[in-house]
Structures are given as C-alpha cells and as structure tokens.
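Residue numbers begin at 1 in each chain, while the letters A, B, ... track the order of the sequences. All figures in this text were calculated on a predicted structure; none of them were measured in a lab.
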Protein chains: 2
Amino acid sequence: MLGDRWSLLIIRDMMLRGFRTYKEFLECYEGIATNILADRLRKLVAYGIITTETDASDGRKVIYSLTAKGIDLAPVLTEMVLWAAAHEDTGNQALVRLMREDKKKFLAGVRQRWADRHSARP
Amino acid sequence: MLGDRWSLLIIRDMMLRGFRTYKEFLECYEGIATNILADRLRKLVAYGIITTETDASDGRKVIYSLTAKGIDLAPVLTEMVLWAAAHEDTGNQALVRLMREDKKKFLAGVRQRWADRHSARP
DNA sequence: AATTATTACTTGCAATTAGCAAGTGAAATG
DNA sequence: CATTTCACTTGCTAATTGCAAGTAATAATT
C-alpha cells in the first residue's frame with residue numbers, strides 16, 4: 001500500500017518539509033509525472049493518510065494535510081532518514097543530527113507542529 | 001531504491017521470519033512472480049543489503065543473508081510493523097506485543113541473532 | 001471588463017515494468 | 001540412471017508509468 005516509488009516521499013515531504021500543495025510536489029527535485037502525482041494523492045486520501053481542503057484565501061489552491069494515521073508514520077520516516085544518512089548519500093545534515101541526538105524530542109516536535117495546525121482549524 | 005512492492009517484504013521476512021532461500025520467498029503467502037523475485041534479490045545484492053552463498057550441504061541451494069546495512073533496516077521495519085498493527089489489519093499479534101513492550105530489547109534480539117549467525121561463518 | 005497567468009488537474013499515447021506459464025541446467029535423491 | 005528438487009530464465013501479455021499537450025476554474029493584470 002505504501003509500496004511504490006512516490007507515496008513515502010510525498011509523506012516525508014509533507015511531514016519534514018511542510019509541503020502542502022500540488023505545485024510544491026510537482027516542482028520538487030524528484031521529478032514525478034503529473035498524472036502519477038494526482039493518482040498517488042488520490043490514493044493517499046482513499047487510505048486515510050491525507051485529507052484535502054480548498055485554500056480559504058485562494059480558491060485555486062488545494063491544501064493537503066496529514067491525518068492522525070499519516071502523522072503516525074513519523075517514526076517510520078525518521079528511521080528511514082537515519083538509515084539513509086548512515087548508508088547512502090545524505091540529504092539534510094542538520095535534520096539528521098536533530099533526529100539522532102534526541103529522537104523522542106524530534107518526534108514530539110513533529111507531532112506538536114501537526115497538532116498546532118489542526119487545533120486552529122477543524 | 002526500496003520503493004517497490006516487494007523489496008521491503010523480502011527484507012522483513014528475512015529479518016523476522018528467518019527466510020533464507022528462493023523457495024521460501026516464492027511459496028510465501030504473498031504471491032510474487034518468479035522472475036520478479038530473482039530481479040529483486042539481484043538488486044538487493046547490488047545495493048549491498050543482502051549477500052548470497054551456496055549451501056555447503058546442498059549445492060543446489062542458495063542462502064541469502066542480510067548484510068550489516070540490511071540488518072540496520074530493523075528499526076524501519078519494526079516501526080512499519082507497529083504502524084500497520086495500529087492502523088491496518090494486523091499480522092503476528094505476539095510479535096507486535098514484543099515490539100511494543102520493549103522496542104530496544106526487541107531490536108537488540110534481532111541484532112544478536114544476526115551476529116550469532118555471522119560469527120559462526122565468515 | 002477583458003486578457004493573461006496560475007493552479008490543479010485530465011487525456012492520449014509510447015515506453016517501461018510486472019505477472020504468468022513453461023522451460024532449462026545443475027545437483028541431489030531413490 | 002531416472003526422477004525430483006532447486007534456482008533460476010525465457011517469451012509473451014497485461015498493467016503501470018512517464019511524457020506532452022490540453023482543460024477548467026480562479027486570480028491577477030491591464
């Protein structure tokens with residue numbers, strides 16, 4: 001169900017880089033095809049991992065957010081980033097250091113930011 | 001690189017169910033096609049996640065084992081199993097309980113069993 | 001107010017990948 | 001020595017992906 005090339009990257013970028021719109025994913029360095037992106041977002045909604053709403057101040061924009069089920073993938077993504085940092089070419093070095101130094105605190109921070117965004121709006 | 005339907009399942013089954021031969025994967029409940037299995041095993045070897053050797057007591061058999069890089073995926077797999085147990089239909093309930101009750105101890109056990117198998121043979 | 005731009009998509013088609021059934025070769029078993 | 005087992009490969013079809021172009025709705029610009 002998350003066994004494809006893009007779904008986990010989408011979730012990672014929503015969780016760690018704050019991506020929220022179609023355009024952000026499409027323009028991201030990773031080069032996903034537009035129809036595939038639309039399909040993956042649709043499936044993630046169907047699986048209950050993300051939700052959609054139209055932006056209140058710009059009717060063209062669709063805002064994607066993680067559900068509780070989606071944010072619960074934070075430990076999985078964190079371990080993946082740490083593994084990649086240890087064994088592959090590494091991305092955001094500062095982020096990796098944060099994760100490694102205090103994993104619990106880092107995860108608590110991710111959850112807190114998510115909760116903040118969700119208490120403000122229904 | 002692990003972004004496909006089978007690679008993580010193969011690693012999970014090697015780590016948690018002790019799978020070591022082609023036949024075990026092929027007959028496993030998950031129904032992978034034989035050419036795809038061969039391809040994924042080849043790629044996992046190329047990525048340095050598993051290694052192959054021919055069985056000393058049966059020249060037909062190929063024994064697949066996790067490398068250090070492979071066993072380092074244990075925290076990722078553990079978090080995935082826990083996430084799935086919390087949000088999806090759940091598999092091995094006893095295993096999940098072990099993981100949840102003492103994650104550190106569980107991971108230490110996985111690593112210990114791997115180290116044991118690797119100190120015996122070069 | 002009309003034109004242009006932006007955003008989030010869809011559509012059509014070619015290319016890549018996956019899945020299935022059957023086959024191969026080497027080693028073991030009866 | 002014939003049969004079985006094991007780890008694959010091969011050939012073909014079906015499904016998925018990737019690319020380029022197009023569309024509908026809203027927003028910004030002139």
Whole-Å distance, B:Ile32 CD1 to C:dT17 P, equals 16 Å
Is it true that A:Lys69 and B:Glu88 make a salt bridge, defined as a side-chain N closer than 4.0 Å to a carboxylate O?
-> yes
Using the heavy-atom set of chain A and a strict 4.0 Å cut-off, write down the first and last nucleotide of DNA chain D that makes it in, 5' to 3'.
-> D:dT17 to D:dA27
Listed by chain and number, what are the ring pair (Phe, Tyr, Trp, His ring centres under 6.0 Å) partners of B:Tyr22, not counting sequence neighbours?
-> none
Looking only at side-chain N and O atoms, does A:Lys23 come under 4.0 Å of OP1 or OP2 in C:dT7?
-> yes
Test salt bridge (Lys or Arg N to Asp or Glu O under 4.0 Å) applied to B:Arg17 - qualifying residues, sequence neighbours left out | B:Asp13
Show me the protein contacts with nucleotides 28-30 of chain C, counting only N or O atoms at under 3.5 Å.
unit_1 : atom_1 : unit_2  : atom_2 : d
C:dA28 : OP1    : B:Gly59 : N      : 2.7

With sequence neighbours left out, write down each residue that passes side-chain hydrogen bond (donor to acceptor under 3.5 Å, both in side chains) with B:Asn92, or none if nothing qualifies.
-> none
Who pairs with B:Phe25 by ring pair (Phe, Tyr, Trp, His ring centres under 6.0 Å), at least two apart in sequence or on another chain?
-> B:Phe19
For B:Arg5 and C:dG19, give me the distance from atom CZ to atom C1', rounded to whole Å.
-> 9 Å
Heavy-atom nearest pair, B:Ser65 first then B:Glu53, reads OG-OE2, 3.9 Å
Heavy atoms of B:Leu26 and B:Ala33 approach each other most closely as CD1-C, 4.4 Å
When rounded to whole Å, the CD1 to P distance for the pair A:Ile10 and C:dA8 reads 14 Å
What residues form a side chain to side chain contact (heavy atoms under 4.5 Å, CB included) with B:Leu9, not counting sequence neighbours?
-> B:Trp6, B:Arg12, B:Glu30
Taking CZ from A:Phe25 and C1' from C:dT7, how many angstroms apart are they, rounded to a whole number?
-> 14 Å
Of the residues in residues 33-50 of chain B, which ones touch DNA chain D at a heavy-atom distance under 4.0 Å?
-> B:Thr34, B:Asn35, B:Ala38, B:Arg42
Partners of A:Thr67 by side-chain hydrogen bond (donor to acceptor under 3.5 Å, both in side chains), sequence neighbours excluded?
-> none
Compute the angle between the rotation axes at the two ends of the helix from C:dA1-D:dT30 to C:dG30-D:dC1, each taken over five pairs, rounded to 10 degrees.
-> 10°
For B:Glu27, check salt bridge (Lys or Arg N to Asp or Glu O under 4.0 Å) against everything at least two apart and list the hits.
-> B:Lys23
Taking only residues at least two apart or on different chains, which pairs with a member in residues 102-114 of chain A satisfy side-chain hydrogen bond (donor to acceptor under 3.5 Å, both in side chains)?
-> A:Asp72-A:Arg111, A:Glu79-A:Lys103, A:Gln112-A:Asp116, A:Trp114-A:His118
Tell me, do B:Leu16 and B:Thr78 make a side-chain contact under 4.5 Å, heavy atoms counted?
-> no
Nearest-Å distance, CZ (A:Arg20) to C1' (C:dA8)?
-> 15 Å
Return the minimal non-hydrogen interatomic distance between A:Arg40 and A:Asp4, and the atom names on each side.
-> NH1-OD2, 3.3 Å
